[in-house]
Amino acid sequence: MTQKAMTKDEIFVLKLYELAMQSGTPYEQIDCLEIARAIGQNTKGALVIARDLAQANFINKAEGNKVYLTDHGLKLASQIIEQQQKS
């Protein structure tokens with residue numbers, strides 16, 4: 001079976017999860033621009049992705065450009081990781 005390519009939104013959520021887990025909690029607030037650099041996305045693109053993910057309730061916005069996963073976003077990150085492990 002071939003692996004389905006991840007969308008930019010999925011890549012963003014997964015990187016947010018990975019960066020947050022470095023602090024020990026999946027709910028850590030991470031700067032959107034740090035995520036953009038980590039995934040090779042430009043600033044404007046990352047802010048648009050963050051806006052869309054917030055509207056879909058995968059992330060919440062915090063002070064400044066910081067974002068953090070919601071429970072819904074954490075489930076998505078877990079599903080992505082599970083899919084990657086199966087492939």
Side-chain angles (χ1 to χ4, degrees):
M1 183 185 331
T2 60
Q3 182 176 351
K4 176 180 103 52
M6 288 195 305
T7 65
K8 291 180 182 182
D9 291 355
E10 291 170 329
I11 294 168
F12 188 97
V13 167
L14 186 58
K15 185 53 70 176
L16 172 55
Y17 173 78
E18 291 171 355
L19 293 172
M21 287 306 293
Q22 290 176 2
S23 70
T25 176
Y27 301 106
E28 182 69 24
Q29 295 179 6
I30 306 293
D31 191 306
C32 189
L33 304 180
E34 181 180 345
I35 300 166
R37 282 190 297 274
I39 64 173
Q41 181 70 45
N42 65 39
T43 302
K44 185 176 180 181
L47 293 174
V48 169
I49 291 169
R51 182 199 65 209
D52 292 345
L53 289 170
Q55 288 175 344
N57 195 32
F58 288 112
I59 66 172
N60 280 329
K61 292 185 176 185
E63 188 174 319
N65 286 326
K66 292 191 175 190
V67 294
Y68 60 95
L69 287 170
T70 63
D71 289 335
H72 193 54
L74 184 56
K75 287 178 189 174
L76 176 60
S78 297
Q79 289 173 350
I80 295 168
I81 293 167
E82 186 178 305
Q83 276 184 336
Q84 288 180 337
Q85 290 173 346
K86 287 181 180 178
S87 297

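Residue numbers count from 1 along this sequence.
- For E82, the salt bridge (charged side-chain N to carboxylate O under 4.0 Å, His left out) partners at least two apart in sequence or on another chain are K86.
- In this structure, CG in D52 is found 9.5 Å from CD1 in I59, a value given to the nearest 0.5 Å.
- Scanning all heavy atoms of the two residues, the minimum distance from N57 to H72 falls at O-CB, 3.3 Å.
- Cluster annotation: I81 and Y68 are assigned to distinct hydrophobic clusters (Ile/Leu/Val/Met/Phe/Trp/Tyr, side-chain heavy-atom contacts under 4.5 Å, transitive).
- Taking every heavy atom of both residues into account, A20 and P26 meet most closely at CB-O, 3.7 Å.
- At a threshold of 4.0 Å, the pair E18-K15 counts as salt-bridged, since one of the basic side-chain nitrogens sits closer than that to a carboxylate oxygen.
- In terms of modelled atom types and a separation under 3.5 Å, the side chain of S23 and the main chain of E28 share no donor-acceptor contact.
- When side chains are defined from C-beta on, Q41 does not count as touching I35, because their heavy atoms never get closer than 4.5 Å.
- For the pairing with L53, the side-chain contact (heavy atoms from CB on, under 4.5 Å) check across V48, L69, V67, V13 returns one residue only, V13.
- Contact annotation: the side chain of K66 never approaches that of K61 to less than 4.5 Å [non-hydrogen atoms, C-beta and beyond].
- One distance of note links CG of D9 with CD1 of I80; it measures 9.5 Å at 0.5 Å rounding.
- Between L33 and D31, the shortest heavy-atom contact is N-OD1, 2.7 Å.
- Atom NZ of K8 sits about 8.5 Å away from atom CD1 of I39, to the nearest 0.5 Å.
- Taking SG of C32 as the start and CZ of R37 as the end, the distance is 10.0 Å to the nearest 0.5 Å.
- Linking ILVMFWY side-chain heavy atoms closer than 4.5 Å, directly or via other members, places L47 and F12 in two distinct hydrophobic clusters.
- Annotation: side chain of Y27 is in contact with side chain of L74 (closest heavy-atom distance under 4.5 Å).
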